[in-house]
Each structure stands twice: as structure tokens, then as C-alpha cells.
Protein chains: 2
Amino acid sequence: MIRDESNVKGRRTSQRDAIRAVFDQAGRPLSPQEVLLAAKKRVPRLGIATVYRTVKGFVDEHFLATVDLPGEPPRYELAKLSHHHHFHCRSCGKAFDIPGCPGHMRLTTPAGFVVEEHEIVLYGRCPDCAKGK
Amino acid sequence: MIRDESNVKGRRTSQRDAIRAVFDQAGRPLSPQEVLLAAKKRVPRLGIATVYRTVKGFVDEHFLATVDLPGEPPRYELAKLSHHHHFHCRSCGKAFDIPGCPGHMRLTTPAGFVVEEHEIVLYGRCPDCAKGK
DNA sequence: ATCTCTGCAAATGTTTTGCATCAGC
DNA sequence: GCTGATGCAAAACATTTGCAGAGAT
């Protein structure tokens with residue numbers, strides 16, 4: 001395939017480069033605030049509005065995907081990751097990726113319901129927090 | 001045990017009776033707005049602040065449980081329901097209960113993660129919406 | 001030079017809170 | 001009559017938007 005991996009649109013700015021770099025290095029879903037904090041190290045004057053706008057743009061371009069966990073504000077991660085689920089640490093509140101999927105989630109749904117997708121979220125303690133105590 | 005099943009605290013008011021009745025008849029998780037709408041039929045002057053305060057109180061009393069679906073504001077349902085999962089209709093946006101659980105969710109979590117709980121959410125079309133089109 | 005992107009501040013939408021009044025006990 | 005509960009409006013938060021100026025092409 002000759003497709004460009006990142007079908008990035010619009011102009012190239014230091015803010016966008018910074019935000020892109022943050023996600024490339026994150027390895028886990030990030031909230032807008034986490035993005036702002038990390039990207040500010042490269043572009044100190046970065047504003048939260050730019051983070052929201054840029055992240056939304058990246059989602060449209062399929063560079064990022066939205067990660068919605070129950071009761072949590074949206075996080076974002078690289079869209080190129082394959083199907084997987086998430087782990088939410090009850091101690092530090094961070095989200096992590098869990099590779100793979102139990103597949104065939106045969107929850108016997110009541111008659112009439114048409115299931116199109118599923119989402120699984122695990123709760124507990126991440127390695128750092130489990131070790132810590 | 002001699003504990004009272006409903007350890008209801010505080011005074012009995014028409015507002016609380018109305019909200020309690022709404023949940024007893026709902027049969028599915030409700031958002032604060034849905035509660036307000038339904039309970040207003042019994043207590044027209046009911047305010048949204050009272051709904052939020054009362055629902056939160058009911059959760060503390062374990063009469064209600066919070067139902068958090070990804071990317072959705074919290075909903076609430078009777079706490080006495082046994083372990084189950086939820087279905088979110090992409091057409092009408094309503095939430096439904098799905099009895100049972102696939103159990104042993106053996107997602108092979110990476111080393112170090114301690115799993116304490118899991119949440120499964122199914123997405124698709126509810127009976128009404130599936131039938132409608 | 002053009003036109004998009006950015007930062008700031010104001011707007012929005014939702015949930016929470018302060019307070020005077022109302023009502024259960 | 002006390003004291004907790006309610007309704008209203010203001011406050012708090014998080015996210016979005018308007019706009020003038022900065023910066024990429």
C-alpha cells in the first residue's frame with residue numbers, strides 16, 4: 001500500500017507536533033489535561049482550548065481514537081492500536097491498555113436486542129499501585 | 001440479622017416518595033433528567049437540584065446504584081438488582097439491563113495488574129428501535 | 001499576503017452549593 | 001418549634017466557541 005500512514009491535514013505547528021509526540025510516547029490513553037501537562041513541556045504557552053481542538057482534529061483524521069471509560073471524561077490514544085480493552089486503576093486513576101479480547105462475549109441478551117459491539121473495562125490496581133502497598 | 005432492609009434515613013417527603021416510585025417502576029437505569037421528568041408528574045414543582053441531592057442520598061442508603069456507561073452521564077437504578085450488565089441503544093440512547101454475566105472474564109491481563117471487577121457494556125439497537133426500522 | 005491556527009476570554013451545559021423558606025416529626 | 005428538605009439562583013467545573021492577532025505556507 002502506498003497510503004501515507006498519517007493522513008494529516010492542515011498546517012504543521014509546534015503545538016500539533018508536541019501533542020502528536022506526547023501520544024506517540026504515552027503508551028496508554030490520556031486525558032486532555034494529561035496531554036496539556038505533557039505538551040506544555042515542549043510548548044509552554046499551549047492552551048487547553050488548543051488541546052481540545054487538536055485532539056478532536058486528530059480523531060477525525062484517525063490518528064487518535066476516543067477511549068470512554070464508565071464515569072470518566074474521555075481519554076484518547078493512538079488509533080492504530082488493534083482491538084483491545086482497558087484497565088482502570090482505582091488507586092491512581094490512570095487508564096491502561098489490555099491487549100486482546102475474550103472474543104465471543106456470549107452474553108445471552110434478551111430477545112429483540114441487536115448487539116453490534118461490546119466494551120469491557122477491568123478495574124483494580126495497576127502494577128505500580130499494587131506494588132506500592 | 002435484624003437489620004431493616006431499607007435503611008432509609010431522613011424525613012419522608014412527597015419529593016422523595018415520588019422519586020422512589022419512579023425508580024420502582026422504571027425497570028431500567030435512569031438519568032437525573034429522566035427522573036425529573038417522570039417525578040414532576042407527581043410533584044410538579046420539583047427542582048433538578050432536589051433530584052441530584054435525593055438520588056445521591058439514595059445511593060448512600062444503598063437504595064440506588066450508579067450506572068456509569070462509557071461516554072455517558074451517570075444513570076441510576078435499584079441497588080437490589082443482582083450482578084448484571086448493560087445495553088446502550090445507539091438509536092434512542094436509552095440504557096437497559098442485561099441479566100447475567102459471562103462470568104470468568106479471563107482477559108489475560110499483563111503481569112502486575114490486579115483485577116478486582118469488570119464492566120461489560122453492549123451496544124446496538126433495543127427491541128423498539130430494531131423493530132422500528 | 002493569505003488564511004489557518006492559537007491563546008485568551010466569554011459562552012455553554014451540567015452538576016453542586018448557599019440560603020431563605022417550607023414542612024415533617 | 002426544631003431541624004432537615006426544598007426551590008431558586010448563583011457557583012463550580014469541564015468543554016466549546018468567538019475573535020483578533022500570530023504564524024505557516
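Labels below follow one simple rule: chain letters A, B, ... track the order of the sequence lines, proteins then strands, and each chain is numbered from 1.
- Following rounding to the nearest Å, B:Arg45 (CZ) and D:dA9 (C1') show an atom-to-atom distance of 14 Å.
- Atom CG of A:Asp68 and atom C1' of D:dT15 are 14 Å apart (whole Å).
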query: When you check every protein heavy atom under 4.0 Å of nucleotides 19-25 of chain D, what one-letter string (B, S, -) results, 5' to 3'?
result: ----BBS
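- Residues that satisfy the side chain to side chain contact (heavy atoms under 4.5 Å, CB included) test with A:Pro74, not counting sequence neighbours, are A:Thr66, A:Asp68, A:Tyr76.
- Here B:Pro73 lies in heavy-atom contact (under 4.0 Å) with sugar-phosphate atoms only.
- Between A:Phe58 and A:Phe63, the ring planes lie perpendicular to each other; the angle is over 60°, past the 30° to 60° tilted range.
- When the P atom of D:dA14 is taken as reference, atom NZ of A:Lys56 falls 17 Å away, rounded to whole Å.
- When only modelled atom types and interatomic distance are considered, A:His85 and B:His118 share no side-chain donor-acceptor pair under 3.5 Å.
- Applying the 4.0 Å criterion to OP1 and OP2 of C:dC5, one finds that A:Arg16 has a side-chain N or O inside that range.
- Not one N or O on the side chain of A:His88 forms a donor-acceptor pair closer than 3.5 Å with the backbone of A:Gly124.
- For the salt bridge (Lys or Arg N to Asp or Glu O under 4.0 Å) condition, the pairs that include at least one residue of residues 33-51 of chain B, sequence neighbours left out, are B:Arg28-B:Glu34.
- At least one side-chain nitrogen or oxygen of B:Gln15 sits closer than 4.0 Å to the OP1 or OP2 atom of D:dG7.
- No contact: A:Ile48 has no heavy atom under 4.0 Å from any strand.
- The OH-P distance, from A:Tyr52 to C:dG7, rounds to 15 Å in whole Å.
- Atom OH in B:Tyr76 sits roughly 12 Å away from atom C1' in C:dT14 (whole-Å rounding).
- Taking atom CD of residue B:Glu72 and atom C1' of nucleotide C:dG13, one finds them 15 Å apart after rounding to whole Å.
- Look at CD1 on A:Ile19: it is 13 Å from C1' on C:dG7, rounded to the nearest Å.
- Remark: side-chain polar atoms of A:Thr54 are paired, donor with acceptor, to backbone N or O of A:Thr50 under 3.5 angstrom.
- Under the 30°/60° scheme for interplanar angles, the aromatic rings of A:Phe113 and B:Phe96 are found to stand perpendicular.
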